[in-house]
Visitor: 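Please find one structure pasted underneath; my questions will follow.
A, B, ... follow the sequence lines: proteins, then strands. Residue 1 opens every chain.
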2 protein chains.
Amino acid sequence: MSDAYYLQLTEQLRTLIDQNAAQWEGKLPAERSLAERFATTRVTLRQALSQLEGEGLIHRSNRRGWFISPARLVYDPTRDAGFNDYVRAQGRQPRTAVLKLEARVHPPAARALGLPDDQPFHHIRRRRYVDDRAVLVESLWVVPERAPELLEIYAGQSLWGLLRERWGHFLANRSIRMVSEALSPMDAEELLVAPGTAGLNINRAILDDQQRPIEYDEEHWLHDSLCISVELSGQQ
Amino acid sequence: MSDAYYLQLTEQLRTLIDQNAAQWEGKLPAERSLAERFATTRVTLRQALSQLEGEGLIHRSNRRGWFISPARLVYDPTRDAGFNDYVRAQGRQPRTAVLKLEARVHPPAARALGLPDDQPFHHIRRRRYVDDRAVLVESLWVVPERAPELLEIYAGQSLWGLLRERWGHFLANRSIRMVSEALSPMDAEELLVAPGTAGLNINRAILDDQQRPIEYDEEHWLHDSLCISVELSGQQ
DNA sequence: GCAAACTTCTGGTCTATACCAATCGATCGG
DNA sequence: CCGATCGATTGGTATAGACCAGAAGTTTGC
């Protein structure tokens, strides 16, 4: 049952965090000091912390310590809204950093869009933040014919907006796939978290309003920063 | 970066599992024997196994050992199809065990359906299997007026089918919410996994074709048994 | 006044070991 | 032949300590 010590510890930590969240300013005390306070080992203490991490209450910034997690971002994958839009709509601050711009082939993207494997793409890799916490990294694979000078002009702005304003593409999701994952060492490093941290992988194939393939999107989210919510039509 | 020994171990285990999956019949050797084979401690070995668990390659049956995970079930939450339907549609075998039948109030369900907090419900708790692996437990909260004798007659069959055939309700999802979670001790026990195992919590509010509230559904899935896939309309 | 160098602290990883309780397989008894 | 009993095995949990590299804070030097 729940007589394991680390599970009791989990509960004690939960209330401790509740009470001291304000004065700690979001960052938990050092593991060694917490372990001492509860008269246990770091190993056991970490087991309890990992439990709370799994619940999404706290998270780790790699080698930097444990932090209290903010509320999850609510995301409706069936709505065709960009990241910036729905982050701001929830009263929070979006930010984007561009990590890479290059031309490359990428068979998975090609397949998802119904194009030949050797189809070249414009590849944009970027990291996105909510209130200055990095919550996801993503790779975008854009069909070059639809946005020729993209690699030269792209600098972190909204891609949906850019495609609409500059090239007149009105985008719509075609298919979305979501799976839980353990973040790869690379993804983890880019998100400043420990390798193997739990994540959510979201892939989207995106067409324009004439059903032409425009881009393929591979997102890797921190598992605790997202709440998927779908409101279905029919109503009212 | 990936010079941590447990990450190398993870890779070695990955190929080892690939090669021996058949002869092991899905169950990995004992931790002690694996630890010995790789000349390391059980602690480190378990860290590597946990990594693969996070990826969804293997899973634990509580105190029973490590098992190779079957392919994920593909699930489209926007489709109004029952569990049995889409499991069979993927060539797999669904099964349901009823854990509890009772009458109770449940404010979260009431709120999601727009009913008063003291609204009583018929509560059905059941565990569902795919190919004899328990993959989820769920609690159903059904509005009694819509299915009066439900608690007396329910015995594990398809609830959607029952509501349609006996009471003439044609169900449709209204809202769906998905969050990653750590399974509660109770959920974990009912799924025969260790407490704190990663899970996916899916809640659905379900109405009939006249927009009358029918039921509220709280599902707790093993994180590795599900692949959410949404195909959006508009096309073809 | 500011950047560089250094020190301390801390999280990430690992070893070695131990105990318990649940499981599983084998043995035993009817 | 089958169910119950018993013992070995195994996973879950926990202790005690250790080392390293990165982060953070402090001091130094220009």
Visitor: For A:Glu53, does its backbone N or O pair with a side-chain atom of A:His223 as donor and acceptor, under 3.5 Å?
Guide: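 Yes, the answer is positive, given that a donor and an acceptor are paired below the 3.5 Å cut-off.
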Visitor: Does A:Thr41 place a side-chain N or O at less than 4.0 Å from the phosphate oxygens OP1/OP2 of D:dG17?
Guide: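 False: A:Thr41 side-chain N/O out of range (4.0 Å or more) of D:dG17 OP1/OP2.
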Visitor: Do we see a donor-acceptor contact under 3.5 Å between the side chains of B:Glu181 and B:His220?
Guide: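 B:His220 and B:Glu181 do have a side-chain donor-acceptor pair below 3.5 Å.
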Visitor: Starting from C1' on D:dG12, measure out to CD on B:Glu189 and report it in whole angstrom.
Guide: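 So the two atoms are 15 Å apart, to the nearest Å.
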Visitor: Expressed as a whole number of angstroms, how long is the span from B:Leu9:CG to C:dT13:P?
Guide: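 It is 13 Å, rounded to the nearest whole Å.
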Visitor: What does the B/S/- profile of nucleotides 7-12 of chain C look like, 5' to 3', with a 4.0 Å heavy-atom cutoff to protein?
Guide: ---BBB
Visitor: Between C1' on D:dT13 and CG on A:Leu49, what's the gap in Å once rounded to a whole number?
Guide: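 Value for this atom pair: 16 Å.
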Visitor: May I ask you to say whether B:Arg204 pairs ionically with B:Glu219, meaning some side-chain N is under 4.0 Å from a carboxylate O?
Guide: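 A salt bridge is present here (some side-chain N lies under 4.0 Å from a carboxylate O).
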Visitor: Is the phosphate of D:dT15 approached by A:Thr40 (side-chain N or O, under 4.0 Å from OP1 or OP2)?
Guide: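 So the side-chain polar atoms of A:Thr40 do come within 4.0 Å of the phosphate oxygens OP1 or OP2 of D:dT15, strictly under.
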Visitor: A:Leu7 has an atom CG; how far is it from atom P of D:dT13, in whole Å?
Guide: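 Result: 7 Å.
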Visitor: Could you check how far CG of A:Leu192 sits from P of D:dG22, rounded to whole Å?
Guide: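 Between P of D:dG22 and CG of A:Leu192: 14 Å.
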Visitor: Below 4.0 angstrom from OP1 or OP2 of D:dT13, is there any side-chain N or O of A:Thr44?
Guide: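 Checking A:Thr44 against D:dT13: no side-chain N or O falls below 4.0 Å of OP1 or OP2.
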Visitor: Atom CZ of A:Phe38 and atom C1' of D:dA16: how far apart are they, to the nearest Å?
Guide: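 About 20 Å, once rounded to whole Å.
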Visitor: If only side-chain N and O atoms count, and only distance matters, is there a donor-acceptor pair under 3.5 Å linking B:Arg92 with B:Tyr129?
Guide: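 Note: B:Tyr129 and B:Arg92 side chains miss the donor-acceptor criterion.
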Visitor: What is the distance from CD1 of B:Ile58 to P of D:dG11, rounded to the nearest Å?
Guide: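 Distance check: B:Ile58 CD1 to D:dG11 P gives 12 Å.
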Visitor: Salt bridge between A:Asp187 and A:Arg125, side-chain N to carboxylate O under 4.0 Å?
Guide: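 Yes, charged N to carboxylate O under 4.0 Å.
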Visitor: Counting distance only, does the side-chain N/O of B:Ser225 pair as donor-acceptor with the main-chain N or O of B:Leu222 below 3.5 Å?
Guide: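 Checking the backbone N and O of B:Leu222 against the side chain of B:Ser225, a donor-acceptor pair under 3.5 Å is found.
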